[in-house]
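Report on the following structure.
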Amino acid sequence: MDKIYYNGKVRAIDKENRVYEAIGIQDGRIAFLGSNEEARELPAAEKTDLNGKTVLPGFIDSHLHMLNYAFVKSSYRMAGADSIEGIIAEGRRRLAGGGFGGGKWLYGRGWDQNLFREENRFLEMADLDRISTEVPILFIRNCGHIAAVHTPALEQVLASPGIEAYLSQIDQERGLLTEASVKSCYNVMKKPTVAEIREMILNVQEDFVRCGITMIGSDNFLSLPGRDGDAIMQAFSELEAGGQLILRVQEQPSFTALADLERFLAAGHRTGDGGDYYRIGPVKLFQDGSLGARTALMNEPYEGTEETGTMIHDQEELQALVDSAYRAGCQILVHTIGDKASDMVAAAYAQAIETYGKRDARLAINHLQLVSPGLFDKMKEYDMLAYIQPVFVASDKGIVEGLVGKERADRSYAWKTMLKKGLTLCGGSDAPVESFDILANIETALTRDRIGECTEGWHPEEKLTMEEAMRAFTIDNAYGMFEEDRVGSLEIGKLADLVILERDLFTEDPHRLHEIGVAATVVGGREVYCKEDERHE
């Protein structure tokens, strides 16, 4: 045996929810699960006393944006900004620091007009023009579905090839871009090289394993200037070939146009292709925007307005995208926030299955924040998966009813109802929209409170139990990724992907789960993070 961890609480998260005292690893896989007494009898190159710590399957985040997180991390992170004037002042300070020659843009992400206590409105072009009239500026809202640019940046965007298709999503007077037009800025910004993309990955992967994450589903193709999916795949593949990846990444190749998707498929790419650390996951599509930006697509107008949100594709266009990916044998994941968006996606999935035949496709709908009453029954009928982000509740619960009214608010973030309908929940964070701290995400799933609050919870009937939430971030996520035979639970023969926690989530106050420390993270039997090492640096 290469290594044995003993004297702990090893929660397998298997079908029987078995608990052991020790776990052994050989050649990167789990080779032993049992008691301390049994562990003492086994020869091992290394034995580690857990001193009562808890071992769980490595956490899996079903959906985030790793490269956009890396891009944001090296740029102006605007989360928490509480005034437009403050953003203007910080923008000027950053420009004064230099380094913006050669066409480099001032990029920021994370603003939220709901936090602007004085202005209480979106950022606009006139605000950003006060920062600079020369250096191009792009400031994206925290949701990623709306952005503000200033005059020179807008001029570059409007002069870019193919922008005609997105003019309806651009408010030229206010310098506001929505949905796909936001990413059009990436067409005119300087794109990173493959070497620069590799460096971005290396700069952030430790952030994930420090949180106990061993595997992610990551939507990267539209996350960087240039939107070069081939360069992104090359960067990840080169790092894997060089043994430099320390967590498993399943790419969610994202597309807004059918021609781009068909080029990807024509090149031979399919769900499941790749190696142990980097492989292709579901084709990622988009059907609407976000709730906070009022671009989530609704069946009925937002309260006090005639607006129903943004439809990215009409039903015919959506069907063509879904059919193309489904015929090719790919898994599909579609972004929907509003009830009309998820209705349209469910209808497209059902039509593809009826037309081309049923298979184990694990078609999935991402977010499912506000839904129609009959949606979950249709999802169950066609074996669709529910990708959810519990952490969204902490941010949105204070604004949902004001935006859509009580009746629709009462059928939003309905996780328990999803389970009762027999759906599989796949938990994620959507980082950098929200934090990828899995413990905080699980806490929100259990409490439906903001971190630091201690109430009965927002719509407490929809709370998950610890077991339900844990499965959503381990074995059920593995199932959603076609990885349940390799990871997601602690069973003999599976890859040794583990997280070691300082305390046991199952016995802690649900409102204090975010305080539990990650002691170590193990991927493929290799300890890729150890808190003790940090203390001695």
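None of the values given here were measured: they were computed from a predicted structure.
Checked against the 6.0 Å centroid criterion, the rings of His150 and Phe139 do not qualify as a close aromatic pair. You'll find the ring centres of Phe436 and Tyr69 inside the 6.0 Å limit. Ring pair Tyr387/His63: centre-to-centre distance not below 6.0 Å.
No option in Asp396, Asn441, Asn366 other than Asn366 meets the side-chain hydrogen bond (donor to acceptor under 3.5 Å, both in side chains) test with Gln389. Of the candidates Ile337, Ile365, Leu318, Gln287 forms a side chain to side chain contact (heavy atoms under 4.5 Å, CB included) with just one, namely Leu318. Test Glu462, His459, Gln369 against Tyr413 for side-chain hydrogen bond (donor to acceptor under 3.5 Å, both in side chains) and you get one pass: Gln369.
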After noting the C-alpha distance and the side-chain angles of Gln113 and Arg141, does the key distance pass the side chain to side chain contact (heavy atoms under 4.5 Å, CB included) rule?
CA-CA 8 Å; Gln113 79 281 359; Arg141 191 180 182 275; 2.8 Å; yes

Go through the steps to decide whether Glu240 and Arg248 satisfy the test salt bridge (Lys or Arg N to Asp or Glu O under 4.0 Å), and finish with yes or no. CA-CA 10 Å; Glu240 177 172 23; Arg248 305 186 198 280; over 6 Å; no

task: Begin with the C-alpha distance, continue with both residues' side-chain angles, and end with the deciding distance and a verdict on side chain to side chain contact (heavy atoms under 4.5 Å, CB included) for Phe221 and Met233.
output: CA-CA 9 Å; Phe221 276 23; Met233 289 190 293; 3.9 Å; yes

Checklist entry - Run the side chain to side chain contact (heavy atoms under 4.5 Å, CB included) check on Glu119 and Asp127 step by step: do they pass? => result CA-CA 11 Å; Glu119 300 93 351; Asp127 303 313; over 6 Å; no

*Can you check side chain to side chain donor-acceptor pair (under 3.5 Å) on Asp288 and Thr336, steps first, answer last?*
CA-CA 6 Å; Asp288 69 349; Thr336 75; 5.5 Å; no

Derivation and outcome, side chain to side chain donor-acceptor pair (under 3.5 Å), residues Thr424 and Asp476 = CA-CA 7 Å; Thr424 298; Asp476 288 347; 5.6 Å; no

Practice item. Assess whether side chain to side chain contact (heavy atoms under 4.5 Å, CB included) is satisfied between Met215 and Asn477, documenting all intermediate values. Key: CA-CA 10 Å; Met215 186 172 186; Asn477 262 348; over 6 Å; no

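Considering all non-hydrogen atoms of both residues, Ile516 and Leu505 come closest at CD1-CD1, 3.9 Å. Closest approach of Ala386 to Leu368, counting heavy atoms only: CB-CD1, 3.5 Å. Of all heavy-atom pairs between Ala394 and Thr444, the closest is N-CG2, 4.2 Å. Nearest heavy atom pair, residue Thr310 against residue Leu297, reads O-CB, 3.7 Å. The two residues Ala148 and Leu123 make their nearest non-hydrogen contact at CB-O, 3.7 Å. The two residues Ser75 and Arg94 make their nearest non-hydrogen contact at O-NH1, 3.7 Å.
Here the straight-line distance linking atom CG of Leu106 with atom CD1 of Ile131 works out to 6.5 Å at 0.5 Å rounding. Between atom CG of residue Asp509 and atom CG of residue Leu513 there is a gap of 7.5 Å, rounded to the nearest 0.5 Å. To the nearest 0.5 angstrom, Glu238 atom CD is 9.5 Å from Ile201 atom CD1. Atom NZ of Lys191 is separated from atom CD1 of Ile197 by 8.0 Å, given to the nearest 0.5 angstrom. Atom CD of Glu303 and atom CE of Met298 lie 9.5 Å apart (nearest 0.5 Å). Residue Lys284 holds its NZ atom at 10.0 Å from OG of Ser218, rounded to the nearest 0.5 Å.
Within the 4.5 Å cutoff, side-chain heavy atoms of Arg121 are placed close to those of Ile84. Contact check for Pro253 versus Ile280: side-chain heavy atoms found under the 4.5 Å cut-off. In this structure, the side chains of Val149 and Leu177 come closer than 4.5 Å at one or more pairs of heavy atoms. With a 4.5 Å cut-off on side-chain heavy atoms, Val400 and Leu291 count as touching. By the 4.5 Å heavy-atom criterion applied to side chains, Glu468 and Arg471 are not counted as neighbours. Counting heavy atoms from C-beta on, the side chains of Leu239 and Leu202 come closer than 4.5 Å. At a threshold of 4.5 Å between non-hydrogen side-chain atoms, the residues Tyr479 and Leu385 count as touching. Between Lys104 and Met189 there is no side-chain heavy-atom pair separated by less than 4.5 Å.
If you check the side chains of Ser429 and Asp61, you find a donor sitting under 3.5 Å from an acceptor. A donor-acceptor pair shorter than 3.5 Å cannot be found between the side chains of Gln234 and Arg198. For the 3.5 Å distance criterion, the side chains of Thr521 and Glu527 fail to qualify, holding no donor opposite an acceptor. At a cut-off of 3.5 Å, with distance as the only test, no side-chain donor of His65 or Asn220 sits close to an acceptor on the other residue. Using modelled atom types, one finds a donor on one side chain and an acceptor on the other under 3.5 Å when comparing Asp129 with Thr151.
Using a 4.0 Å cut-off between charged side-chain N and carboxylate O, Asp504 and Lys53 make no salt bridge. Taking 4.0 Å as the cut-off between side-chain N and carboxylate O, Arg450 and Glu443 do not count as a salt-bridged pair. By the 4.0 Å N-to-carboxylate-O rule, Arg174 lies close enough to Asp171 to be salt-bridged with it. Salt-bridge annotation for Lys531 and Glu502: present, with a side-chain N of the basic residue lying under 4.0 Å from a carboxylate O of the acidic one. With salt bridges taken as basic N to acidic carboxylate O contacts below 4.0 Å, none links Arg279 and Glu251.
By the neighbour-count criterion of 12 heavy atoms within 6.0 Å, atom CZ of Arg92 is densely surrounded, having more than that number from other residues, nucleotides or ligands. Around the NZ atom of Lys190, the shell of radius 6.0 Å holds no more than 12 heavy atoms that belong to other residues, nucleotides or ligands.
A cation-pi arrangement is not found for Arg227 relative to Tyr186, the charged atom failing to lie both closer than 6.0 Å to the ring centre and inside a 45° cone about the ring normal.
Side-chain atoms of Arg93 never come within 3.5 Å of backbone atoms of Ala89 as a donor-acceptor pair (strictly under, hydrogens ignored).
Take Tyr107 and apply the ring pair (Phe, Tyr, Trp, His ring centres under 6.0 Å) test, not counting sequence neighbours, and it matches Phe71.
The aromatic rings of His145 and His335 are tilted relative to each other, their planes meeting at an angle between 30° and 60°.
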